[in-house]
Number of protein chains: 2
Amino acid sequence: MDKAERVMAAFREFSERSTQPRHVIAEKLVALGETGEAFSVETLLEELRRSDSGIGRATVYRTIEKLAQLKVLDRIDFADGSRGYRLCGTKGHHHHLTCRACHRVVEFELCLPQAKIDAIGRREGFTIEDHEISLYGLCDACRGDKVLKGKVPKDKVLKGL
Amino acid sequence: MDKAERVMAAFREFSERSTQPRHVIAEKLVALGETGEAFSVETLLEELRRSDSGIGRATVYRTIEKLAQLKVLDRIDFADGSRGYRLCGTKGHHHHLTCRACHRVVEFELCLPQAKIDAIGRREGFTIEDHEISLYGLCDACRGDKVLKGKVPKDKVLKGL
DNA sequence: ATAATTGCAAACTGTTTGCAGCACG
DNA sequence: CGTGCTGCAAACAGTTTGCAATTAT
């Protein structure tokens with residue numbers, strides 16, 4: 001379990017303790033990561049309960065939060081407002097394309113030119129520290145999966161008040 | 001109160017009723033919009049309570065949701081995970097730059113070339129329906145406002161697991 | 001009339017916190 | 001050993017829901 005080891009390395013790097021629960025969570029994260037799909041904290045919790053780990057909710061949240069801060073985990077916001085996590089790919093800077101229906105996540109590297117971002121910051125008097133690009137759509141598998149709940153038909157959308 | 005009228009027009013356009021509560025909310029939205037800052041639903045609720053409108057929480061949420069769907073209101077996700085709303089500017093397509101500290105919001109039009117977005121969709125087998133670009137930083141007024149809670153020092157951030 | 005909308009209170013989801021005990025280094 | 005980490009339960013924030021009463025068309 002090489003990847004799990006690297007997750008633990010992240011903790012050590014940050015001079016945090018290599019505790020039993022963290023080991024277990026690291027491995028579960030890797031397992032969940034195999035599919036490439038993002039998972040919710042709730043899912044992770046269930047997985048952990050299933051294996052009688054005895055790890056508490058708070059610990060999971062705290063661990064996830066740490067790993068997200070360390071950028072070992074990506075935090076992904078779905079179109080429906082829910083949230084998921086997944087181990088980062090090996091790429092460096094990237095953004096996410098997610099499926100509205102199944103929450104599948106794909107990383108891509110396309111980005112705005114840094115110069116243009118800087119220009120906006122300068123123009124508006126902001127120090128820009130970070131940015132995020134999210135693409136939302138339907139993956140091939142989900143296409144044709146009819147109506148998305150509560151969607152307003154495009155011709156009823158009013159732009160530019 | 002011209003803008004408020006336009007909010008109501010949005011409802012009519014969608015063949016929804018022009019009710020008393022909606023009128024009141026529309027005007028409050030415009031008032032809150034003057035500052036250019038985004039507001040939380042909670043703030044809007046307090047404002048409404050302050051003026052003894054007698055409008056209930058559920059109504060506010062339902063109204064906000066409708067207006068966001070109609071794209072009359074922008075829904076803005078802040079860096080800290082909280083959420084705000086504001087009347088759209090008159091511009092068409094745009095994205096948001098927000099201040100981590102004060103939640104000030106600035107609109108900008110810089111975007112990814114549609115062709116590149118399409119290319120990603122094609123490559124990944126997704127039908128891309130929507131996208132969002134968020135820039136996060138500190139506005140001039142907030143800069144110097146020291147430590148942001150729980151921030152991991154940059155040299156401790158591990159990239160590319 | 002009559003179907004949409006409202007207000008209320010209660011339910012819910014996702015996340016955080018306080019604290020006593022445990023365990024890593 | 002001492003501090004950081006853990007588990008628990010309870011608290012919390014934001015949002016949604018069921019339903020009976022109300023109101024715009």
Side-chain angles (χ1 to χ4, degrees), chain A residues 7-26 28 38-49 51-70 73 75-85 103 149-150 152 156, chain B residues 7-26 28 38-49 51-70 73 75-85 103 149-150 152 156:
Chain A
V7 174
M8 292 313 294
F11 279 121
R12 270 182 250 116
E13 186 74 24
F14 194 57
S15 60
E16 310 253 345
R17 292 185 180 175
S18 293
T19 67
Q20 176 79 30
R22 286 176 176 185
H23 272 290
V24 176
I25 291 174
K28 206 54 102 179
F39 48 84
S40 64
V41 174
E42 209 48 46
T43 302
L44 174 54
L45 263 168
E46 279 166 29
E47 276 299 315
L48 289 167
R49 264 197 273 270
S51 41
D52 272 319
S53 64
I55 296 179
R57 193 195 341 279
T59 302
V60 173
Y61 274 99
R62 290 189 271 233
T63 304
I64 291 297
E65 175 59 23
K66 264 277 141 59
L67 292 176
Q69 282 186 19
L70 294 168
L73 275 183
R75 193 192 307 260
I76 293 145
D77 287 307
F78 298 111
D80 63 3
S82 67
R83 174 173 289 183
Y85 297 85
H103 285 188
K149 55 171 178 181
V152 172
K156 289 298 185 182
Chain B
V7 174
M8 292 313 294
F11 278 122
R12 271 181 249 117
E13 186 75 24
F14 195 54
S15 59
E16 309 252 346
R17 292 185 180 175
S18 292
T19 67
Q20 174 80 30
R22 284 175 178 183
H23 272 288
V24 176
I25 292 174
K28 207 54 105 181
F39 48 84
S40 64
V41 174
E42 209 48 46
T43 301
L44 174 53
L45 263 168
E46 278 167 30
E47 276 298 316
L48 289 168
R49 265 197 272 270
S51 41
D52 272 317
S53 64
I55 296 178
R57 195 196 337 281
T59 301
V60 173
Y61 274 99
R62 290 188 272 233
T63 304
I64 291 298
E65 175 59 23
K66 264 278 143 58
L67 291 176
Q69 282 185 19
L70 293 168
L73 275 183
R75 193 192 308 259
I76 293 146
D77 289 307
F78 298 110
D80 64 3
S82 66
R83 173 172 290 183
Y85 296 86
H103 284 189
K149 56 171 178 183
V152 171
K156 289 298 187 183

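Naming convention: chains lettered A, B, ... in sequence-line order (proteins, then strands); numbering from 1 in each chain. Owing to the predicted nature of the structure, the values given are computational and were not obtained by experimental measurement. No hydrogens, no waters, no symmetry mates; every other heavy atom, side chains included, goes into these values.
- When distances are taken from the side chain of Ala58(A) to each of dT6(D), dT17(C), dT17(D), the shortest belongs to dT17(C).
- Ranking dC8(C), dC24(C), dA24(D) by closeness to the Thr19(B) side chain, first place goes to dA24(D).
- Atom pair Asp77(B):CG and dA13(D):C1' shows a separation of 15 Å (rounding to whole Å applied).
- Using a 4.0 Å heavy-atom cutoff across all strands shown, Ser82(B) reaches no nucleic acid atom at all.
- In terms of polar N and O atoms assigned as donor or acceptor, the side chain of Arg17(B) comes within less than 3.5 Å of the base of dA3(C) in a complementary pairing.
- Of the candidates dC8(D), dT25(D), dG25(C), dT25(D) carries the atom nearest the Ser18(B) side chain, counting heavy atoms from C-beta on.
- Atom CZ of residue Arg17(A) and atom CZ of residue Arg22(A) lie 9.0 Å apart, to the nearest 0.5 angstrom.
- Not one N or O on the side chain of Ser51(A) forms a donor-acceptor pair closer than 3.5 Å with the backbone of Ser53(A).
- Side chain Arg62(A) to base dG4(D): no donor-acceptor pair is found below 3.5 Å.
- At a threshold of 4.0 angstrom between heavy atoms, the contacts of Ser40(A) with the nucleic acid are absent.
- For CD of Gln20(A), the number of neighbouring non-hydrogen atoms (other residues, nucleotides, ligands) closer than 6.0 Å is 12 at most.
- Put simply, the side chain of His103(B) reaches to within 4.5 Å of the side chain of Asp80(B), judged on heavy atoms.
- One finds a salt bridge joining Glu65(A) and Arg75(A) here, because a Lys/Arg side-chain nitrogen approaches an Asp/Glu carboxylate oxygen to under 4.0 Å.
- What separates CD of Glu65(A) from P of dT17(C) is a distance of 10 Å, to the nearest Å.
- Gln20(A) places its CD atom 13 Å from the C1' atom of dC22(C), with the value rounded to the nearest Å.
- The NE2 atom of His23(A) sits 15 Å away from the P atom of dA23(C) (whole-angstrom rounding).
- Scanning all heavy atoms of the two residues, the minimum distance from Met8(B) to Ala26(B) falls at SD-CB, 4.0 Å.
- Which of dC5(D), dT6(C), dG7(D) sits closest to the side chain of Arg22(A) comes down to dC5(D).
- If you take CZ of Arg83(A) and C1' of dT15(D), they are 15 Å apart, rounded to a whole angstrom.
- Side chain Arg57(B) to base dG14(D): no donor-acceptor pair is found below 3.5 Å.
- For the pair Ile25(B) CD1 and dT6(C) P, the computed distance is 7 Å after rounding to whole Å.
- Glu42(A) comes within contact range of no nucleotide atom at all, as no heavy-atom separation falls under 4.0 Å.
- For dT15(C), one of the phosphate oxygens OP1 or OP2 lies less than 4.0 angstrom from a side-chain nitrogen or oxygen of Tyr61(A).
- A straight line from NZ of Lys66(A) to P of dG4(D) spans 11 Å, rounded to a whole angstrom.
- In terms of position on DNA chain D, the residue among Glu16(A) and Leu45(B) whose nearest nucleotide sits closer to the 5' end is Glu16(A).
- The interatomic distance linking Phe11(B) (CZ) with dT5(C) (C1') rounds to 11 Å, in whole Å.
- Nucleic acid contact class of Gly81(B) (heavy atoms, under 4.0 Å, all strands): none.
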